Structure formats: C-alpha cells, structure tokens
Amino acid sequence: MKAGCSIVEKPEGGGGYQFPDWAYKAESSPGSRQIQLWHFILELLQKEEFRHVIAWQQGEYGEFVIKDPDEVARLWGRRKCKPQMNYDKLSRALRYYYNKRILHKTKGKRFTYKFNFSKLVMPNYPFINIRSSGKTPACGAEWF
DNA sequence: CTCGGAAATC
DNA sequence: GATTTCCGAG
C-alpha cells in the first residue's frame with residue numbers, strides 16, 4: 001500500500017491575496033484532471049511561507065522569481081509524486097508554456113518568469129484591469 | 001543558466 | 001493534451 005502522496009492543504013490565508021481564487025482553483029472537473037504547473041506556481045506564490053523559494057517580482061505585474069529552484073522542484077515533485085523532479089525538468093515544462101501563451105520569460109534575470117494574464121484572465125475575468133497605464137498592449141505585443 | 005527536439009508516460 | 005525524461009547546443 002503506497003501512501004506517500006498525501007496532499008496536505010493549508011487553509012491559511014496569507015493575508016494579502018494578489019489573485020482571486022480562479023487562478024488557484026483546482027480542477028473540480030469530474031475528469032480528474034491533474035493540477036497544471038502554472039496552477040501550482042500560483043499556489044506557491046499565494047502563500048508567504050514559500051516566499052523564500054518563489055516570490056513576485058516587484059515592479060511588473062505577474063512577474064515572479066524563483067529563489068530556490070531545487071525547493072520549488074521538490075515541492076512540485078511531491079505534488080506529482082515525482083521524487084526525481086528537478087528544476088531542469090520543471091523549467092522545460094515552463095518552456096512549453098511559451099508556445100501556449102501562458103508564460104513569458106524575462107531575459108537577463110535568472111529564474112525570472114512572467115505570467116501572461118492576457119491569456120489567463122480574459123477567458124475568466126475579461127473585466128480585470130491589468131495595468132492602469134495608458135498603454136494597452138495588443139494581443140501578441142511585448143509586455144516590456 | 002536557458003532553449004527546444006524527441007521519445008515516453010500518464 | 002500535459003508533463004516528464006534525456007540531451008545537445010548556445
């Protein structure tokens with residue numbers, strides 16, 4: 001009997017949510033879909049307990065920095081029961097998100113990625129205001 | 001470190 | 001279809 005994969009959820013609120021729960025909402029579909037990587041990343045970013053391993057980058061909305069790639073990979077591997085998970089493998093899954101338009105990469109900075117909320121928010125909350133700047137990036141435009 | 005193809009797995 | 005694993009190139 002194997003039971004080393006117990007998902008322990010923390011019903012604690014960090015205190016200041018950056019995102020509504022639509023982002024972290026687990027798959028309640030009857031199809032038993034496993035959690036996607038970007039859901040998991042958002043879940044970690046939501047909690048202050050993990051801010052030593054991953055945290056939002058101040059200045060850009062949706063940008064985050066992975067401080068401890070090994071720790072993030074370890075937690076991700078625990079969730080997926082993949083003890084041999086590494087940042088190399090995790091980042092590869094992240095790289096596949098580039099084509100899915102879910103994630104972007106901030107070049108120049110190490111371990112720095114950015115969520116593409118133009119694609120994430122629209123199908124859920126098309127009325128959320130990303131940035132109150134006079135600049136409105138079109139679909140496909142750079143977010144720099 | 002970062003990118004991306006390919007095979008394999010679920 | 002999404003993710004994992006392996007690996008060569010930059």
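Quantities reported herein were computed from a predicted structural model and do not represent experimental measurements. So you know, we letter chains A, B, ... as the sequences are listed, proteins then strands, and number each from 1.
Across all strands shown, N86(A) has no heavy atoms under 4.0 Å from either base or sugar-phosphate atoms. Contacts of L37(A) with the nucleic acid, taken as non-hydrogen atoms under 4.0 Å apart, involve only primed sugar atoms and P, OP1 or OP2. Counting non-hydrogen atoms under 4.0 angstrom, F40(A) reaches nothing in the nucleic acid. Using a 4.0 Å heavy-atom criterion, one finds that F111(A) contacts the sugar-phosphate atoms exclusively. Within the nucleic acid shown, R110(A) comes within 4.0 Å of sugar-phosphate atoms alone, with no base atom in reach, counting heavy atoms only.
Under the 30°/60° scheme for interplanar angles, the aromatic rings of F40(A) and W76(A) are found to be tilted.
Taking the ring centroids of Y87(A) and F111(A), they lie under the 6.0 Å cut-off.
Considering only residues two or more places apart in sequence or on other chains, R92(A) meets the salt bridge (charged side-chain N to carboxylate O under 4.0 Å, His left out) condition with none of them. Legend: residues meeting salt bridge (charged side-chain N to carboxylate O under 4.0 Å, His left out) with K82(A), ordered by chain and number and at least two apart, are absent. Legend: residues meeting side chain to side chain contact (heavy atoms under 4.5 Å, CB included) with Q57(A), ordered by chain and number and at least two apart, are E63(A), V65(A), K109(A).
Nucleotides of DNA chain B with any atom under 4.0 Å from a heavy atom of chain A span, from 5' to 3', dC1(B) to dA6(B). Running 5' to 3' along DNA chain C, contacts with non-hydrogen atoms of chain A at under 4.0 Å begin and end at dA2(C) to dC7(C).
Atom CG in L75(A) sits 9.5 Å away from atom CG in D70(A) (nearest 0.5 Å).
K89(A) contributes no side-chain N or O that, together with a main-chain N or O of A73(A), makes up a donor-acceptor pair within less than 3.5 Å.
Side chains of I41(A) and Y113(A) form no contact here, defined as non-hydrogen atoms less than 4.5 Å apart. When side chains are defined from C-beta on, F64(A) does not count as touching T112(A), because their heavy atoms never get closer than 4.5 Å.
V53(A) and V72(A) make their closest contact through O-CG2, 3.7 Å (heavy atoms, listed as atom of the first residue, atom of the second, distance). I35(A) and E43(A) make their closest contact through CD1-OE1, 3.9 Å (heavy atoms, listed as atom of the first residue, atom of the second, distance).
When the nearest nucleotides of DNA chain C are assigned to Y97(A) and D88(A) by heavy-atom distance, the more 5′-ward of the two goes with Y97(A). Projected onto DNA chain B by closest heavy-atom contact, Y98(A) and K82(A) fall at different nucleotides, the more 5' of which corresponds to Y98(A). Place Y87(A) and Y96(A) on DNA chain B by their nearest nucleotides, and Y87(A) ends up nearer the 5' end.
Within residues 64-74 of chain A, no residue approaches DNA chain C, by heavy-atom distance under 4.0 Å.
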